[in-house]
Amino acid sequence: MMEYEMNGKKRKVRNRQQQQPKPQFLSLRYLTICLCCFFVLLFFLSSNRISVPSDSLQPSLRVPALSVLSSMELSFHGRLFPPLRVEDRVQFPDHMLLILSSRIETRVKDLVCVYHGGGRKEETLALQSISSDELDEFRSIVRCPNAPLNYSSSVDVQFRGDLVKKKQSLPDEKVHDWSKVSYEAVVDSDGDTVVVFVKGLTRRPHKESDPSNYKCQFETTSLGVLVTQALAVAQEVVRCVLPESLKLNQEPFRVSVIHVDPRGRSNPALPSVARVYGSDSVEKKSGVVKVKHELCVCTMLWNQAPSLREWIMYHSWLGVERWFIYDNNSDDDIQEEIELLNSESYNVSRHVWPWIKTQEAGFSHCAVRAKDECKWVGFFDVDEFYYFSTHHSQGLPSKNALSSLVSNYTSWGLVGEIRTECHSYGPSGLTSVPSQGVTVGYTCRQAYPERHKSIIRPEMLTSSLLNEVHHFQMREGVGHVSLVESVAVVNHYKYQVWETFKAKFERRVATYVVDWRENQNQGSKDRAPGLGTEAVEPVDWRRRFCEVWDTGLKDLVLSSFADQVTGFLPWQRQ
């Protein structure tokens with residue numbers, strides 16, 4: 001009896017145990033279900049189910065997005081990206097520039113610009129971005145259409161296909177006006193000074209200003225605000241002392257410029273998007289001696305990728321070893337062209353320069369960067385080619401002729417610039433882009449040279465970096481050499497077939513050169529004579545600017561570069 005009761009009790013205990021849920025099993029199943037829901041949601045958010053059509057700029061009303069991924073890296077088409085955070089906004093006349101706090105490697109069609117406001121505060125719309133790029137080693141940029149009427153200019157950006165995030169109230173982020181902002185900064189190779197590029201202080205072309213009227217303000221997280229005196233000022237460039245505490249500091253800092261009025265009162269520092277990263281200033285002061293290239297070239301361009309290959313291959317043959325390409329908002333796949341050239345052992349670097357009408361400042365920036373790498377730096381455009389006519393006519397080798405020329409002056413301590421005159425070529429009777437390149441296609445020019453291009457020694461420039469695009473101002477006691485035409489000349493293929501030339505009406509990159517569409521200075525040499533202010537092809541365009549037939553460079557190129565069997569040139573497209 002007792003055994004039966006004990007066995008009965010045991011069965012009851014087992015039954016109760018079987019009836020109770022198993023917490024570990026259910027918790028695991030619950031976690032699995034949650035993870036599945038999360039990945040389904042992730043797939044939904046990263047898909048194109050909710051999207052802005054790439055071929056339309058019509059506004060689309062959106063609803064708030066879930067914030068489940070707001071603090072995580074986003075997965076987009078199988079790739080991971082950090083959160084898109086807008087660090088600065090700069091308002092240009094025709095677009096809004098967003099500066100992001102991190103680098104993203106994505107295509108323009110992957111990003112949309114988000115606008116807030118409209119008739120009601122909660123309204124939100126998205127428009128396709130204009131372009132996106134990497135600004136520097138740490139930041140990216142996105143160019144957006146200007147905000148529509150009644151929408152805030154404080155634009156955001158997000159991946160195409162994501163649900164648009166609404167803000168609880170109208171955004172209050174600052175938007176900097178392009179006419180008054182510090183936009184770039186770079187530490188000089190001496191490690192003791194910083195060069196700041198700024199709009200809104202002085203517009204005096206080709207003039208230096210009194211540096212005692214300017215200061216630089218440095219903002220850091222740990223050190224607070226520091227101020228130093230300017231050493232030199234010219235046009236849009238201000239050089240200041242770099243604070244001692246920042247020379248060995250790895251922390252990035254923002255730098256701006258303060259204008260001191262004649263009565264000694266300091267105005268507030270100008271708005272700034274110019275940042276310098278601590279590692280940059282430390283590297284400048286490292287003391288490591290680098291072997292410098294004998295000859296480098298710097299240029300600024302916009303949508304000239306098709307012309308780049310011929311220009312670089314030819315001048316590399318003349319001895320150029322290093323290339324600095326300042327890209328002023330191109331959208332013609334120039335990055336792919338540069339990558340292809342580098343794969344063929346051409347030393348080319350692309351520097352994103354989104355600042356419109358700042359060619360002089362860009363060249364000053366390049367001079368600072370190149371000083372640590374190059375003995376000589378040439379400043380000329382992708383439609384300009386050096387030609388050594390005497391070498392060709394006398395049967396002397398032209399290969400490395402340009403680098404040999406500048407090296408002859410390296411030991412001349414009083415020569416800081418080599419100037420070469422330019423011959424301007426016309427359409428030469430052509431009506432379509434020459435397939436073999438400009439050096440072979442255009443052979444008729446104006447009779448007399450005009451202007452000149454320069455190759456300079458960057459360590460011999462004035463501390464203000466004053467330049468007029470064509471040449472820089474040298475330090476006191478340093479002069480220049482002007483080459484006679486029989487030694488060397490620059491073939492400037494300035495007036496090409498109308499299909500190519502009309503693109504110049506879109507914009508001019510030089511700061512102090514009037515755009516052709518503006519009705520002023522119509523007699524300037526910066527304009528095409530007799531063309532006027534509209535991009536309308538004259539009936540006789542193909543015959544203009546043709547006074548002397550000159551096939552010298554064409555003959556040199558064909559004899560030196562063309563395949564002996566096919567006649568094919570290395571820069572020709574298949």
Side-chain angles (χ1 to χ4, degrees), residues 84-111 113 127-147 153-157 173-186 195-200 235-237 254-256 270-277 298-305 324-335 337-338 349-366 368-369 469 503 506-511 515:
L84 300 178
R85 187 175 73 84
V86 180
E87 183 177 79
D88 289 298
R89 298 170 177 84
V90 181
Q91 179 67 68
F92 288 91
D94 60 349
H95 71 277
M96 175 71 69
L97 180 72
L98 308 183
I99 301 177
L100 308 186
S101 59
S102 58
R103 287 183 63 179
I104 57 171
E105 297 179 1
T106 184
R107 300 164 296 175
V108 58
K109 67 179 182 180
D110 294 339
L111 299 172
C113 305
L127 300 177
Q128 180 65 54
S129 59
I130 299 172
S131 66
S132 59
D133 216 326
E134 297 172 0
L135 179 59
D136 52 37
E137 186 179 354
F138 302 93
R139 299 178 294 173
S140 299
I141 57 172
V142 178
R143 294 171 64 228
C144 293
N146 282 334
S153 58
S154 184
V155 186
D156 289 321
V157 65
E173 291 93 342
K174 292 182 179 179
V175 177
H176 305 304
D177 192 323
W178 170 236
S179 65
K180 203 169 188 179
V181 64
S182 299
Y183 56 92
E184 281 281 357
V186 60
V195 180
V196 188
F197 302 86
V198 57
K199 288 278 187 183
Q235 299 179 157
E236 295 184 359
V237 179
R254 189 187 296 258
V255 59
S256 187
L270 285 175
S272 175
V273 300
R275 284 184 174 271
V276 175
Y277 293 87
C298 178
T299 195
M300 184 176 292
L301 52 75
W302 171 70
N303 280 0
Q304 292 177 298
F324 299 88
I325 308 297
Y326 276 59
D327 182 6
N328 197 213
N329 296 321
S330 297
D331 56 9
D332 61 350
D333 299 324
I334 187 173
Q335 178 64 28
E337 188 66 53
I338 290 176
S349 61
R350 172 175 171 258
H351 305 274
V352 175
W353 189 261
W355 321 114
I356 62 173
K357 296 285 288 181
T358 55
Q359 187 175 18
E360 292 89 341
F363 281 1
S364 296
H365 188 277
C366 187
V368 173
R369 297 191 64 170
V469 177
E506 294 290 331
R507 58 188 300 179
R508 305 295 293 277
V509 296
T511 313
D515 284 335

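When a residue number appears, it is its place in the shown sequence, counting from 1. What you are looking at is a predicted structure, and each value in this text was computed from that prediction instead of being measured.
Looking at V186 and V276, their side chains never come closer than 4.5 Å, going by heavy atoms from C-beta outward. Residues Y183 and P354 have side chains not in contact (no heavy-atom distance under 4.5 Å, counting atoms from C-beta outward). C113 has its side chain within reach of P145: a pair of non-hydrogen atoms, C-beta onward, lies under 4.5 Å apart. For the pair V195/H365, no side-chain contact is recorded, criterion being any heavy-atom separation below 4.5 Å from C-beta on. Within the 4.5 Å cutoff, side-chain heavy atoms of M96 are placed close to those of Q91. S182 places none of its side-chain heavy atoms less than 4.5 Å from the side chain of V255. Inter-residue side-chain proximity for L98 and C144 is flagged as met; some heavy-atom pair is nearer than 4.5 Å. Using a 4.5 Å heavy-atom threshold, the side chains of I325 and I334 count as touching.
Put simply, CZ on R143 and CG on L111 are 13.5 Å apart, with the number rounded to the nearest 0.5 Å. Atom NZ of K199 sits about 3.5 Å away from atom CD of E236, to the nearest 0.5 Å. Atom-to-atom distance recorded for L100:CG and R85:CZ is 9.5 Å, nearest 0.5 angstrom. Remark: T358 OG1 to M300 CE distance equals 5.0 Å, nearest 0.5 Å. Atom CZ of F363 and atom OG1 of T299 lie 5.0 Å apart (nearest 0.5 Å). Between I356 atom CD1 and W178 atom CH2 the span is 7.0 Å, to the nearest 0.5 Å.
Of the charged side-chain nitrogens involved, at least one lies within less than 4.0 Å of a carboxylate oxygen, so that R139 and D136 count as a salt-bridged pair. Here R350 pairs with D133 in a salt bridge; the nearest charged N to carboxylate O distance falls below 4.0 Å.
With hydrogens and angles disregarded, no donor-acceptor distance shorter than 3.5 Å links the side chain of N329 to the backbone of W353. No donor-acceptor pair closer than 3.5 Å links the side chain of D331 to the backbone N or O of N303. The closest donor-acceptor contact from the side chain of S272 to the backbone of A274 lies under 3.5 Å. In this structure, S129 contributes its side chain and V142 its backbone to no donor-acceptor pair below 3.5 Å.
Annotation for C366 and F324: closest pair SG-CB, 3.7 Å, computed over non-hydrogen atoms. Nearest heavy-atom pair across W302 and A503 is CZ3-O, 3.6 Å. When all heavy atoms are compared, the tightest approach of A361 to F197 is O-CE2, 3.3 Å.
Ring pair F92/H95 is parallel by interplanar angle, where below 30° counts as parallel and above 60° as perpendicular.
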L301 and D327: side chain to side chain contact (heavy atoms under 4.5 Å, CB included), yes or no, with the steps? CA-CA 5 Å; L301 52 75; D327 182 6; 4.2 Å; yes

Kindly indicate, with the supporting measurements, whether the criterion side chain to side chain contact (heavy atoms under 4.5 Å, CB included) is fulfilled by R254 and D88. CA-CA 12 Å; R254 189 187 296 258; D88 289 298; 3.2 Å; yes

